[in-house]
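As C-alpha cells, the structure follows; a few thoughts come after it.
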Amino acid sequence: MKLEQEAEAFSEGKRTQFNQDLQEYIQPLVQYLDDNLHNTKELDDIKYHLLVVKLICRHSAETHGIK
C-alpha cells in the first residue's frame with residue numbers, strides 16, 4: 001500500500017509542477033499581448049482561448065498523466 005501512495009504522490013508532484021510551469025509560460029504571453037495589442041474584442045477572445053488551452057492541458061495531464 002505504501003508503494004501506491006508514493007507513486008500517487010510522485011504523480012501529483014509532477015502534475016503540480018506541470019501546472020505551475022504552464023502558468024509561467026502563458027502569463028508572459030498574455031502580458032506581451034496586453035502590451036502590444038489594443039484592448040479589443042479580439043484580444044479578449046485570444047485571452048479566452050489561451051485560458052481554454054491551459055484548462056485542456058491540465059485536464060489532459062490529469063486524465064492521461066505526464067511523460
Side-chain angles (χ1 to χ4, degrees):
M1 190 66 152
K2 183 173 168 108
L3 185 59
E4 291 174 2
Q5 291 171 340
E6 288 179 19
E8 181 59 35
F10 177 77
S11 295
E12 182 62 32
K14 283 183 74 172
R15 275 193 300 274
T16 299
Q17 187 63 46
F18 175 80
N19 291 336
Q20 289 172 348
D21 291 346
L22 184 62
Q23 180 62 29
E24 287 179 19
Y25 282 107
I26 291 178
Q27 188 56 42
L29 176 56
V30 170
Q31 186 63 49
Y32 180 79
L33 295 171
D34 282 337
D35 291 346
N36 291 286
L37 295 176
H38 292 284
N39 192 14
T40 62
K41 170 86 170 84
E42 289 84 358
L43 179 58
D44 290 340
D45 289 344
I46 291 167
K47 290 196 275 186
Y48 171 78
H49 287 288
L50 285 172
L51 174 62
V52 171
V53 166
K54 183 173 98 171
L55 294 174
I56 292 172
C57 287
R58 291 179 70 162
H59 174 73
S60 179
E62 289 174 12
T63 303
H64 305 289
I66 299 172
K67 288 184 178 182

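Residues: numbered from 1 along the sequence shown.
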Worksheet item: Is any side-chain heavy atom of Glu8 less than 4.5 Å from a side-chain heavy atom of Gln5?
Response: no
Item to complete: Return each pair, listed once, that meets salt bridge (charged side-chain N to carboxylate O under 4.0 Å, His left out) where at least one residue sits in residues 58-67; pairs must be two or more places apart or across chains.
Response: none
Worksheet item: Tyr32: which other cluster members, linking ILVMFWY side chains closer than 4.5 Å, directly or transitively?
Response: none
Response to the item:
To the nearest 0.5 Å, atom CZ of Phe18 lies from atom NZ of Lys14 at 11.0 Å
Worksheet entry | For Thr40, all residues meeting side-chain contact (heavy atoms from CB on, under 4.5 Å), sequence neighbours excluded | His38, Glu42, Leu43
Worksheet item: Got a sec, which residues hit side chain to side chain donor-acceptor pair (under 3.5 Å) with Asn36, two or more places apart in sequence or on another chain?
Response: none
Practice prompt. List in chain and number order the residues that pass side chain to side chain donor-acceptor pair (under 3.5 Å) with Gln31, two or more places apart in sequence or in another chain; answer none if no residue qualifies.
Written response: Asp35
Item to complete: Could you pull out all residues at least two apart from His64 that satisfy side chain to side chain donor-acceptor pair (under 3.5 Å)?
Response: none
Worksheet, complete the sentence: Taken in chain and number order and not counting sequence neighbours, the residues that satisfy side-chain contact (heavy atoms from CB on, under 4.5 Å) with Ile46 are Leu33, Leu37, Leu50
Response to the item:
Note: with side-chain heavy atoms under 4.5 Å as the link, the other cluster members for Leu55 come out as Leu51
Practice prompt. Return the set of residues passing salt bridge (Lys or Arg N to Asp or Glu O under 4.0 Å) with Asp45 (not counting sequence neighbours), or none when no residue passes.
Written response: Lys41
Discussion item. Please list all pairs meeting salt bridge (charged side-chain N to carboxylate O under 4.0 Å, His left out) that have one or both residues in residues 25-34, counting only residues at least two apart or in different chains.
Written reply: Asp34-Lys47
Discussion item. The criterion is side-chain contact (heavy atoms from CB on, under 4.5 Å); which residues satisfy it with Gln23, sequence neighbours excluded?
Written reply: Gln27, Lys54
Item to complete: Among Ile, Leu, Val, Met, Phe, Trp and Tyr joined by side-chain contacts under 4.5 Å, find the other residues sharing a cluster with Ile56 and list them by chain and number.
Response: Tyr48, Val52
